[in-house]
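Heads up: the structure comes next, in structure tokens.
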Amino acid sequence: MPRVLLLLLVLGAACARAEDSAITIQVDQPGITISPTLWGIFLEEISRAGDGGIYAEMVQNRSFEDAGIPIGWTLVAGGATQGKMTLDKAKPLNSRNPTSLRLDVTHAQGERVGIANQGFKGSPQLPKGETEKWLPTFEAAASQTANGLAIAQGKEYRLSFYARAAVGFNGPVTASLERPDGTVLASHAFYYLTPTWRLFSGTLTSSAAEADARLVLSSSKTGTIWFDMVSLFPKETWKDRPNGLRKDLMEMIAAMKPAFVRFPGGSYINGDTLADAYHWKETIGPLEERPGHFCCWGYRSTDGLGYHEYLQMAQDLGAEPLYVVNCGIANDWRKVVETVPMDKMDDWVQETLDAIEYANGPVSSKYGALRARAGHPEPFHLKYVEIGNENGGGRYHDRYKLYYEAIKAKYPELHVIACDWHGLPKSAPVEIADEHDYNSPAAFMAKATRYDSYPRPGPQIYVGEYAVTKTSTRGNLEAALGEAAFMTGMERNADVVTLSSYAPLLCREGWMSWHPDAIYFNPTHAFATPAYYNQVLFANNRPDRILPVDLKEVPPTAEPRSTARMFAVAGQTRNGDEVILKVVNTQAKTTESVITLDGATEVGSSAGVTTLASENARDENSFEQPTRVALKESQFAGVSTVFKYTFPANSVTVMRIKAK
Ligand code: AHR
């Protein structure tokens, strides 16, 4: 070939780059209706998501029931002062809260002796029954800096505690918020302790901010004092609820616009043994009468964030509650370890019927009255109950039938969800099946077409837990691209896939039981992973009807689409005048697409664009760089019936185009 001709060809190619893909949307052919509950959240007590997380309590081990040692508490004494701190079961606050903390001030001489709490400093990962030997691990965790009790300048904190004193003690107890070096930032003296339990409360306002503070309760008079239910709450909680939730984290969750909240587990409801199974009745009523229970993720749950609070949270989020019940099976890491015999299942099934009555029953009903007494006379309108978590096999199928039949007999309108764990129960009808999937980016991309061939009609699918777990611990963009590809498939089939929730949602620094998670936090800060931004992107851009999309990649990808590099789904909004296109480009290079709005008679000239992208698919967020991979909004002015758009490398893009 003559050199001039070759040069012209090369120049031509450079000026008019051949498109890498063609996306054709059939704007005039709306198909299935997309389930309005498609994008929800799963909130499990794991990695301190609840206690030490969204539940705004700042004191760890407030009721001294967490272990056989005073986990979370240290003695403040030294020099000329002496004292002793011990757990005590004599004369408990009440029978459901058997342990209190006894402080013996033996030598005070005008100086203080006390107890200090540094909040949730880090994870001692205490196995049950072996707590003493873990004390050094706990102390090491507690010596981490800036992950404990963080207080802000000028903010009000509500302190409350129960105390009693031995006859002869005549001093006040002083509560103070302090820096690690002992500088007092706020204090309050409480007088008139008696030999019987009394509730003390007050407000502490800090004169300065401190990210590593401690709460100290002390006395400079000798004697013996017992403490229980020592609680410190920020006055400001999300939606100003008493016993409420941490505002910054809940605002991040609210931005996900969840259509439902699955709670409280996960493996958490299963328990490692039946003794640790979740029982909702133990989680309601006065806080000091909630016994708490061991959480299979390595710590004790106070159940301060209890059944009522979960229902309230869902309501405050504008989301449907989805309650998961233990169906008489305890799992230790997905292996059945204990089951309730079939002839003893009645109480367990009744417990679920009672939970439904608590949520929905009239105030004249037994449990509806309890709900009203807790300040919520109106029903919570619980519609979804899931029977078990990751349970399967004959033992599960037998128990599923008991629950299904009992619930449907009393509450036929309720949606019952079954676990799809190695096969669906055939013992009773399955309306909604919960599938869980933790996998690699490639596996999720290959599953983008998974639901295309699901039977219709067939059970609805709830993808109750899913996440890319095989690329990084903190959830990088590559993971989010795999999930986004899968999510296009869920949305395209949202007549079958009617619910879904990424998992897990939250993880406190120093308490990681599972990774990755959607949101990482410490006492003062939080950052979201790219997976979180996917959820925000999809939930905030959920169309009403699916529009057929034909995506052709150049060079063509082999069938089946397990080799696909791009994924797309499109839909139409409720009023039919907007097209929402979602495109996932998993390649490390930009991709130019010709986009055709086939059948459209009116097309606007610009589109709102939201993009999640980064140059390197391995990029992730951190406390230092919280928004390295985050959503970016822009406007694209070149829209017409046929137009070109260049999708960034490693990207998820949503375009909202006025077209009909
Ligand atoms: O999401 C973390 C855990 O994974 C859940 O508790 C459990 O259901 C699953 O195995």
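As a basis for the values below, the full set of heavy atoms in this structure was taken, side chains included, without hydrogen atoms, waters or symmetry mates. Whatever order the structure lists ligands and atoms in, that order sets their numbers, starting from 1.
Cation-pi geometry between R474 and Y520 is met: under 6.0 angstrom from the ring centre, within 45 degrees of the axis. For the pair R450 and F486, the cation-pi test (distance below 6.0 Å, angle within 45°) is failed.
The shortest N or O to N or O distance between H436 and ligand 1 is not below 3.5 Å.
For the residues W514, F42, Y438, the heavy atom positioned nearest atom 1 (O) of ligand 1 is part of Y438.
Between the side chains of T283 and D303, no donor N or O sits under 3.5 Å from an acceptor N or O.
None of F263, F380, Y384 except one satisfies the ring-ring contact (aromatic ring centres under 6.0 Å, His included) rule with Y323; the exception is F263.
For W297, every heavy-atom contact with ligand 1 shorter than 4.0 Å involves the side chain, none the backbone.
Each of the following atoms of ligand 1 lies closer than 4.0 Å to a heavy atom of N389: 7 (C), 8 (O). Here is the list of ligand 1 atoms found below 4.0 Å of a heavy atom in E44: 1 (O), 2 (C), 5 (C), 6 (O).
By the 4.0 Å heavy-atom criterion, Y268 is excluded from the residues contacting ligand 1. Residue contacts with ligand 1 leave out G265, since none of its heavy atoms falls under 4.0 Å from the ligand.
The single protein non-hydrogen atom nearest to atom 3 (C) of ligand 1 is E465 OE1, 3.7 Å, given as residue, atom name and distance.
Aromatic pair Y310/Y307: ring centres not closer than 6.0 Å. Checked against the 6.0 Å centroid threshold, Y367 and Y358 do not count as a close aromatic pair.
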